[in-house]
Amino acid sequence: MRFIVSPTAKSWIKVDPLSHFPIQNLPFGMAEVDEENVMAVTRIGDFLVDIYRLIDEGFLPLEELLETDGFSDITREQSTQLRKALFDLFREGNPKLRDNSKLKKEALIPVSELNMVLPMPVGAFVDFYSGINHASNVGKMFRPDMPPLLPNYRHLPVGYNGRASSVVPSDVPIFRPKGQTKAADAESPSFGPTRELDFELEMGFFLAEGNDFGEQIPIERAEGHMLGLCLVNDWSARDVQRWEYQPLGPFLAKSFATSVSPWVVPMDAIEPFRVIGPKQDPEPLPYLQPSGPSHFDICLEVAIQTEAMSAPQVISRTNARELYWSFAQQLAHQTSNGTPTESGDLYASGTISGVEPGSFGSMLELAWRGQKPLVMQETGEERAFIEDGDVVSITGYCEGKGYRVGFGTLSNQVAPSL
Ligand code: CA
């Protein structure tokens, strides 16, 4: 069952045409009520909608949501039911909640009043490497004497198992990690705060339903297992990475922090923005062959604000359609050996870079390994990597006719090492 809201539909809640949260979106998120309690919410315009309260009052289905850990125990089918009911309650012309001023006041909360937390408790975190322009750029810098892409790259979505325990929401500080590094001209390695802290612009999907031990999720059913997409910043320590990553891949250079946007945007909300991805050559093996377009047209943007600046500066603009491997291909590959996956698992795409320099998804690429530092126009400060006090913000949205379906902002400030 799919539920796609018509592009012309409107809500009785007023929504700015540039808002990421029109009635076409209806994303899933969790807000913090107090130290011990969270509530399941969606967002329309500048209001959070208290889903628990509306279920309690019989205005929404899925009573079981009240007994569970937010969205982690509902199926994709149930999430669609919930969106359908939310749409009906908030569509223009339905007076049921609109004219119930007491309940409306209690169930609609201005977004500025509550902090958002992780949209789901993260069970496992896998990070792919599906951005082909990023993979080529890193190859050129880290292995200049070899072809930029390793021989497997165009045959399978390369990935690694990351650390679920350090997946954090927007607005929490990211502490500069310490690690072991070795300068090219140094005789032996040393240990201390990274000097090359970087962000990685990625998108991810949260699983609604996984597969059992030994089973596979075939590619044509892969998207049906996803609750939706979110923005991901996969923080990285490049000097640590360069020294530690061979032969087994990233380890401590990546596991210290990964931040995700507060909102999981449902697959049905981005369905109108489905596009054909880059041509895959060679043709993937049958288990990775999509039956139709499986990429999405999502504009992505990264901005930095240093402590001396009064406003952020956009440093990169790119698009999720640049990914070589689709989300569906990633999940089909992940489960192709029968490894079980679970509701709440987070799969990130890998850094998304465009072809042009202003569209790269990391500082490593934007400043080309420190050779071309970025200049902050307001203050004249230079940045080769991220410094303490800098705020890195990622945003993303799909552009419809007269409306946007977006992911909000994922924003974190870097704090000195503890
Ligand atoms: Ca990454």
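Along the sequence shown, the residues carry numbers beginning at 1. We count ligands from 1, going down the list as the structure has it; atoms in each ligand are counted the same way. Worth knowing before you read on, the calculation uses all heavy atoms, side chains too, and leaves out hydrogens, waters and symmetry mates.
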query = Is there a side-chain contact between Leu48 and Leu108, using heavy atoms and a 4.5 Å cut-off?
reply = no
request  = Using a strict cut-off of less than 4.0 Å between a Lys/Arg side-chain nitrogen and an Asp/Glu carboxylate oxygen, indicate whether Glu382 and Lys372 qualify as a salt bridge.
outcome  = no
query = Ion pair present between Arg238 and Glu200, side-chain N to carboxylate O less than 4.0 angstrom?
reply = yes
ask   = Applying the side-chain contact (heavy atoms from CB on, under 4.5 Å) test to Asp268, which of Thr80, Asn25, Leu26, Val5 qualifies?
value = Thr80
remark   = Here the N/O/S atom of Asp127 closest to the Ca ion (ligand 1) would be OD2
request  = Check Glu202 and report its N/O/S atom nearest to the Ca ion (ligand 1), by atom name.
outcome  = OE2
ask   = With the Ca ion (ligand 1) as the point of reference, which N/O/S atom of Asp234 is the closest?
value = OD2
request  = Provide the atom name of the closest N, O or S atom of Glu200 relative to the Ca ion (ligand 1).
outcome  = OE1
